[in-house]
Undergrad: 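The structure under discussion is supplied below as structure tokens; questions concerning it will follow.
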2 protein chains.
Amino acid sequence: METGEGTRRVTIVDVAAHAQVSTTAVSKVMRNAYGVSPAMRERVNQAIAELGYRPRAAARGMRGQTYTIAVILPDIRNPFFPDIVDGITSHLRDTDYQVLIGTRSGIPRTDTDSELRLTDAIVDRGMDGLVLVAPAAGPVRLDATAKGIPTVVIGRHLRSAHHDTVVDDDARGAALVVDHLVGLGHRRIAHIDQREPERGRAETMPNAVRTRGYGEAMRAHGLEADLVSTGYTEEGGYLGAKQLLERTDRPTAIFAGADIVAMGVLTAVAEAGLRVPHDISVAGYDNTSFAALGPIGLTSVDQAGRQIGTDAARLLLDRVARRDRVSTFITTSPTLVVRRTTAAPAS
Amino acid sequence: METGEGTRRVTIVDVAAHAQVSTTAVSKVMRNAYGVSPAMRERVNQAIAELGYRPRAAARGMRGQTYTIAVILPDIRNPFFPDIVDGITSHLRDTDYQVLIGTRSGIPRTDTDSELRLTDAIVDRGMDGLVLVAPAAGPVRLDATAKGIPTVVIGRHLRSAHHDTVVDDDARGAALVVDHLVGLGHRRIAHIDQREPERGRAETMPNAVRTRGYGEAMRAHGLEADLVSTGYTEEGGYLGAKQLLERTDRPTAIFAGADIVAMGVLTAVAEAGLRVPHDISVAGYDNTSFAALGPIGLTSVDQAGRQIGTDAARLLLDRVARRDRVSTFITTSPTLVVRRTTAAPAS
DNA sequence: CTGAAAGCGCTAACAG
DNA sequence: CTGTTAGCGCTTTCAG
């Protein structure tokens, strides 16, 4: 127990000596490896407890695993991501694995570069697995990463032989919103999405797929798409809505690509002196906890983030155990949650 | 560059061979250590670039540093914490250090146990420094942790010789709110705080200090404190407010201990068919980005989370460099941001 | 200023 | 079922 000043940390050698066995035996017991008698297991465990021994991940990592899983989030402020993280950690709770989160939450967003740096850092630290949430990297890069470390990609519409994928049917989710608004009588429905600078990613990013779904649904109803591209942040929503509200012929409904975007939209609408849903309807995507808030009551698309996280964790552990197994692609179905920010247009 | 299947990862030995120098030289160049000629530095750097070499943190950690800083958050959903994280990462951006976040965001909250497990995991992974945000552990435990790894504690009103501390003047912040509400004419001002089960921590937890500040300010105005203890979560605010609103003689103002709590309060108020601030005033603490949202406009106390994070990062790097330096205690001054959820009482 | 050699703590082969 | 031995990739003495 002694946490004294100069006391050297207890190592596997100390445990082995204390239990009068070999270090191999201790190692095996820790990893629940095959080939240890119950008696020895008992003795070793007791020695571990008595000495308060804890294995060092770095040393283990040099030969075996580090028992650490990293989750890379594009943005720590988006309240949707905690749902995913919850799902992952809850699935890993009873295992030996530890979850650590990396984020490029700094100033620059949609930054492929900082994501790359983070991914490298994860690999350098010998982590056992990686969950990438809505990564910005291209398919080639993702494959290269996945070849080096078991990887699950969340949110990209991208099949790969090297990583597993869990993704929401974003096109369907967007259509759900459009259908709902059209059903209420709206014709001028605008969409605020995230600008997708790189051509190659356009088809596979969740935002792009939502945009496509929106466009197709509008067309199906014989309506014209009305797109404003800013970004999936509160500020993006604010700026996008400002732009839309300045028009003489402003839309009667705004479909924001994410709840966090809708938050900015609501702020802009309030500033313009308009009332929701009387003057304008607003819908979001993700069904975050903030959408349900009393003063908000945002109509939104639920994509079951917790479930997505759980699925990702399961796939990841699976792949850590068998790195060569065939890859899996899971699609989840979104549902619409109607609240108080959408209603029939006033006119 | 070859990211081929079986290609062994390039190590320091490969770099040394390529540059025709010793591994020691390479090691020194990487660490910007003393005693390398510019010519050699140049050669080594070129070899590193040509081979795309990246040092493995685990291996480095066995003898030296891992260049990794961990931040432990009590809750990933509270929108105040990203501000702190932003401050930390922005300060560390141009260093070799990498920030990784750990959170006990699972189901159980205020869980000393899961915090401990996380702290241990951080230490086991040989991280170079640790930032603890509003930790639940007691002083003895915190000291023990800090003895093992350079540590900065954010949010606890606790002076220690072993860790540095950055903390907001929570008592003053609470008084700011009470003074503001009393100035508007309120007399029945309730406070929703977080239950503090452990006696020993009562004086040092931010929530407890806010509660104390609230009580003292009320007394100074000759008013009686009215406390409901739930938790610093949205749900805590919801349940606490529900309880308060059921009373026949309900308060005219509710001061929530954190913005996230205020969110729950607003939901409960809306459900009760009451209007803010006409029927009841609501104030929060933290001045998160959500407080500024158009449909919210929450009056809140700003404690400059980004600045707190920056200070913490600076102190931490400082201590990583000189582990034996005297400890520092920084207090920041909160300011009140008045928005639209507070007004004179109706009666 | 440079390099050879000795570990850091652990796991994986390999023998007994 | 158990123990011995040889490294993993890096940093650190300590000589040259």
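Here is the naming used below: chain letters follow the sequence lines, and residue numbers restart at 1 for every chain. Bear in mind that the values here come from a model prediction, so they are computed numbers and not experimental data.
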Undergrad: Check whether B:Ser327 reaches the backbone of B:Ser160 with its side chain - one donor and one acceptor, N or O, closer than 3.5 Å.
TA: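 Present.
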
Undergrad: Could you point out which residue of B:Thr23, B:Val29, B:Ile48 forms a side chain to side chain contact (heavy atoms under 4.5 Å, CB included) with B:Val15?
TA: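 With B:Val15 as partner, B:Thr23, B:Val29, B:Ile48 yield a single side chain to side chain contact (heavy atoms under 4.5 Å, CB included), made by B:Ile48.
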
Undergrad: Taking five pairs at each end, how big is the angle between the two axes of the helix from C:dC1-D:dG16 to C:dG16-D:dC1, to 10°?
TA: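 Its terminal axes enclose an angle near 30°.
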
Undergrad: Using the side-chain hydrogen bond (donor to acceptor under 3.5 Å, both in side chains) criterion, which residues pair with A:Arg323? Sequence neighbours excluded.
TA: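 A:Arg323 satisfies side-chain hydrogen bond (donor to acceptor under 3.5 Å, both in side chains) with no residue once adjacent residues are dropped.
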
Undergrad: To the nearest 0.5 Å, what is the distance between CG on A:Leu315 and CD1 on A:Ile154?
TA: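 It is 9.5 Å, given to the nearest 0.5 Å.
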
Undergrad: Exactly one of A:Thr103, A:Ile101, A:Val133 should register a side chain to side chain contact (heavy atoms under 4.5 Å, CB included) with A:Phe81. Which one does?
TA: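 Only match with A:Phe81 under side chain to side chain contact (heavy atoms under 4.5 Å, CB included): A:Val133.
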
Undergrad: For B:Ile308, is there any backbone N or O sitting under 3.5 Å from a side-chain donor or acceptor partner on B:Thr310?
TA: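 Checking the backbone N and O of B:Ile308 against the side chain of B:Thr310, no donor-acceptor pair under 3.5 Å is found.
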
Undergrad: What pairs meet the salt bridge (charged side-chain N to carboxylate O under 4.0 Å, His left out) rule with one or both residues in residues 309-320 of chain A, with sequence neighbours excluded?
TA: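 Qualifying pairs, neighbours excluded: A:Asp164-A:Arg319, A:Asp311-A:Arg314, A:Asp318-A:Arg325.
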
Undergrad: Between A:Asp113 and A:Arg117, does any NZ, NE, NH1 or NH2 come within less than 4.0 Å of an OD or OE carboxylate oxygen?
TA: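 The answer is yes: the pair qualifies as a salt bridge.
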
Undergrad: Using a heavy-atom cut-off of 4.0 Å across all strands, would you classify A:Thr11 as base, sugar-phosphate, or nothing?
TA: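 Counting heavy atoms under 4.0 Å across all strands, the contact made by A:Thr11 is with sugar-phosphate only.
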
Undergrad: With sequence neighbours excluded, tell me which residues meet side-chain hydrogen bond (donor to acceptor under 3.5 Å, both in side chains) with A:His91.
TA: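 None.
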
Undergrad: Could you grab the distance from atom CZ of B:Phe80 to atom CG of B:Asp75, nearest 0.5 Å is fine?
TA: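 The CG atom of B:Asp75 is 12.5 Å from CZ of B:Phe80, to the nearest 0.5 Å.
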
Undergrad: Is it true that a side-chain atom of B:Thr145 and a backbone atom of B:Arg141 form a donor plus acceptor pair closer than 3.5 Å?
TA: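 Confirmed, B:Thr145 side chain pairs with B:Arg141 backbone.
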
Undergrad: Where along residues 15-23 of chain A does a heavy atom come under 4.0 Å from DNA chain D, residue by residue in number order?
TA: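 The answer is A:Val21, A:Ser22.
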
Undergrad: Please collect all salt bridge (charged side-chain N to carboxylate O under 4.0 Å, His left out) contacts where either partner lies in residues 25-38 of chain A, sequence neighbours excluded, each pair once.
TA: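 Listed once each, the pairs would be none.
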
Undergrad: Only distances under 3.5 Å count here; give the side-chain donor-acceptor pairs of residues 38-45 of chain B to other protein atoms, sequence neighbours excluded, each with its distance to 0.1 Å.
TA:
from	atom 1	to	atom 2	distance (Å)
B:Arg43	NH2	B:Ala19	O	2.7
B:Arg43	NH2	B:Gln20	O	3.3
B:Asn45	ND2	B:Arg41	O	3.3

Undergrad: For DNA chain C, find the residues of residues 26-38 of chain B with a heavy-atom distance under 4.0 Å and give them by number; none if there aren't any.
TA: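 Within this stretch, B:Lys28, B:Gly35, B:Val36, B:Ser37 sit under 4.0 Å of the strand.
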
Undergrad: I need the A:Leu92 CG to A:Ile88 CD1 distance, nearest 0.5 Å.
TA: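 That separation rounds to 8.0 Å.
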
Undergrad: For the pair B:Arg156 (side chain) and B:Pro135 (backbone), establish whether a donor and an acceptor sit closer than 3.5 Å, ignoring hydrogens and angles.
TA: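 Present.
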
Undergrad: For chain A and DNA chain C, what are the first and last nucleotides along the strand, 5' to 3', with at least one atom under 4.0 angstrom from a heavy atom of the protein chain?
TA: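 For DNA chain C, the relevant span reads C:dG9 to C:dA13.
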
Undergrad: What is the distance from atom CZ of B:Arg93 to atom OG1 of B:Thr95, rounded to the nearest 0.5 Å?
TA: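 The OG1 atom of B:Thr95 is 10.0 Å from CZ of B:Arg93, to the nearest 0.5 Å.
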
Undergrad: Which pairs would a plain distance check flag for residues 118-132 of chain A, meaning a side-chain donor or acceptor within less than 3.5 Å of a matching protein atom at least two apart in sequence or in another chain?
TA:
from	atom 1	to	atom 2	distance (Å)
A:Thr119	OG1	A:Glu115	O	2.7
A:Asp124	OD1	B:Arg9	NH2	2.8
A:Asp124	OD1	B:Arg54	NE	3.1
A:Asp124	OD2	B:Arg54	NE	2.9
A:Asp124	OD2	B:Arg54	NH2	2.4
A:Arg125	NE	B:Thr68	OG1	2.5
A:Arg125	NH1	A:Ala121	O	3.0
A:Arg125	NH2	B:Thr66	O	3.4
A:Arg125	NH2	B:Tyr67	O	2.8
A:Arg125	NH2	B:Thr68	OG1	3.3
A:Asp128	OD1	A:Thr66	N	3.0
A:Asp128	OD1	A:Thr66	OG1	3.4
A:Asp128	OD2	A:Gln65	NE2	3.3
A:Asp128	OD2	A:Thr66	N	3.1
A:Asp128	OD2	A:Tyr67	N	2.4
A:Asp128	OD2	A:Thr68	N	3.4

Undergrad: Quick check for you: name the first and last nucleotides of DNA chain D, 5' to 3', having an atom under 4.0 Å from a heavy atom of chain B.
TA: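 Taking any atom under 4.0 Å from a heavy atom of chain B, the span is D:dG9 to D:dT12.
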
Undergrad: Let's see if you get this right: which residues in residues 116-130 of chain A place a heavy atom under 4.0 Å from DNA chain D?
TA: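 None - not one residue of the stretch has a heavy atom sitting under 4.0 Å from the strand.
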
